[in-house]
Amino acid sequence: MLKRYENFLKEFDGALSKYFELHKKYIKCKKGCTDCCTKGEFPFSRLEAEYLMQAFVNLPKDVKDDIRRNIIILKEDKLKSKEKRFTYTCPFLVNSECALYPQRGIICRTYGLACLQKDGKVKLPNCAEMGLNYSEIYNSKTKELNLSDPVMQDLKIDNCLRSSLAEKYELECGEIRPLIDWF
């Protein structure tokens, strides 16, 4: 199953790269920018979590130790939290870099892109409000977007992992839940 998932990711990333290229004038994502990694719920399917953990075992011991510490702190913080939605920094963010970037989840691969939701509205990444992606064509006061280029269909994880592309690779993704809940 993990090999089929890797093949799916190659094709999925190919489609995303075309979209990133089409919107490159609006995208500010670059190495060192970690806004997308610092406050989220990070929905991951069972399959994605298994793929991530398969790569985790091959990390250097010191990096694994940092990640384990991050997870312990996050689990403790979650227990103390009174919030309905627990948002956190991804435990795989080590020294301002993703320790498992090649194995990152769908949410990580698609973050930063504008996409068309089922209700017909364009969903922008949170970083648009911070003057990053799409900020030149987005008016945060009026909430209007001046985008003439086409946008991709809804990029929610469940849509991606239950798409015709996922069916092509016969993926069985399992339950989707916040990354922290897989530990």
Chemist: Describe, in one word, how the ring planes of Phe56 and Phe92 are oriented to each other, choosing from parallel (under 30°), tilted (30 to 60°) and perpendicular (over 60°).
Modeler: perpendicular
Chemist: Using side chain to side chain contact (heavy atoms under 4.5 Å, CB included), reason through Trp182 and Arg177 one step at a time and then give a plain yes or no.
Modeler: CA-CA 8 Å; Trp182 288 111; Arg177 53 184 171 173; 2.8 Å; yes
Chemist: Among side-chain atoms of Glu48 and Ser45, is any donor-acceptor pair under 3.5 angstrom?
Modeler: yes
Chemist: Glu50 and Tyr5: side chain to side chain donor-acceptor pair (under 3.5 Å), yes or no, with the steps?
Modeler: CA-CA 11 Å; Glu50 287 177 16; Tyr5 179 62; over 6 Å; no
Chemist: Any chance you could lay out the salt bridge (charged side-chain N to carboxylate O under 4.0 Å, His left out) test for Asp65 and Arg69, step after step, and finish with the verdict?
Modeler: CA-CA 6 Å; Asp65 289 345; Arg69 273 191 294 280; 5.2 Å; no
Chemist: Before you tell me yes or no, could you show the steps for Leu147 and His23 under side chain to side chain contact (heavy atoms under 4.5 Å, CB included), namely the whole-Å CA-CA distance, both residues' side-chain angles and the distance that decides it to 0.1 Å?
Modeler: CA-CA 10 Å; Leu147 180 65; His23 284 210; 3.9 Å; yes
Chemist: Go through the side-chain N and O atoms of Tyr138 and Glu129 and say whether any donor and acceptor fall under 3.5 Å apart.
Modeler: yes
Chemist: Strictly distance-based, threshold 3.5 Å: is any side-chain N or O of Asn95 a donor or acceptor partner for the main-chain N or O of Glu97?
Modeler: no
Chemist: Taking Arg109 for its side chain and Leu16 for its backbone only, find out whether a donor-acceptor pair lies under 3.5 Å.
Modeler: no
Chemist: Under 3.5 Å, is there a donor on one side chain and an acceptor on the other for Tyr88 and Glu41?
Modeler: no
Chemist: When you measure from the side chain of Ser81 to the backbone of Lys78, do you find a donor-acceptor pair of N or O atoms at a distance under 3.5 Å?
Modeler: no
Chemist: How many angstroms lie between atom CG of Leu161 and atom SG of Cys173, to the nearest 0.5 angstrom?
Modeler: 4.0 Å
Chemist: Does Asn133 use its side chain to pair, donor to acceptor, with the backbone of Lys28 at less than 3.5 Å?
Modeler: yes
Chemist: I would like to know whether Glu21 and Lys24 meet salt bridge (charged side-chain N to carboxylate O under 4.0 Å, His left out); could you show each step before the answer?
Modeler: CA-CA 5 Å; Glu21 181 62 27; Lys24 71 180 174 184; 2.8 Å; yes
Chemist: Which heavy-atom pair separates Ala99 from Val94 by the least distance, and what is that distance?
Modeler: CB-CG2, 4.4 Å
Chemist: With the side chain counted from C-beta on, respond yes when Tyr134 and Lys25 share a heavy-atom pair under 4.5 Å apart, and no when they do not.
Modeler: no
Chemist: Would the distance check show the side chain of Arg46 and the main-chain N or O of Glu175 forming a donor-acceptor pair, the cut-off being under 3.5 Å?
Modeler: no
Chemist: Under 3.5 Å, side-chain donor or acceptor atoms of residues 30-40 against the rest of the protein: list the pairs with distances, not counting sequence neighbours.
Modeler:
from  : atom 1 : to    : atom 2 : distance (Å)
Thr38 : OG1    : Asp35 : O      : 3.0

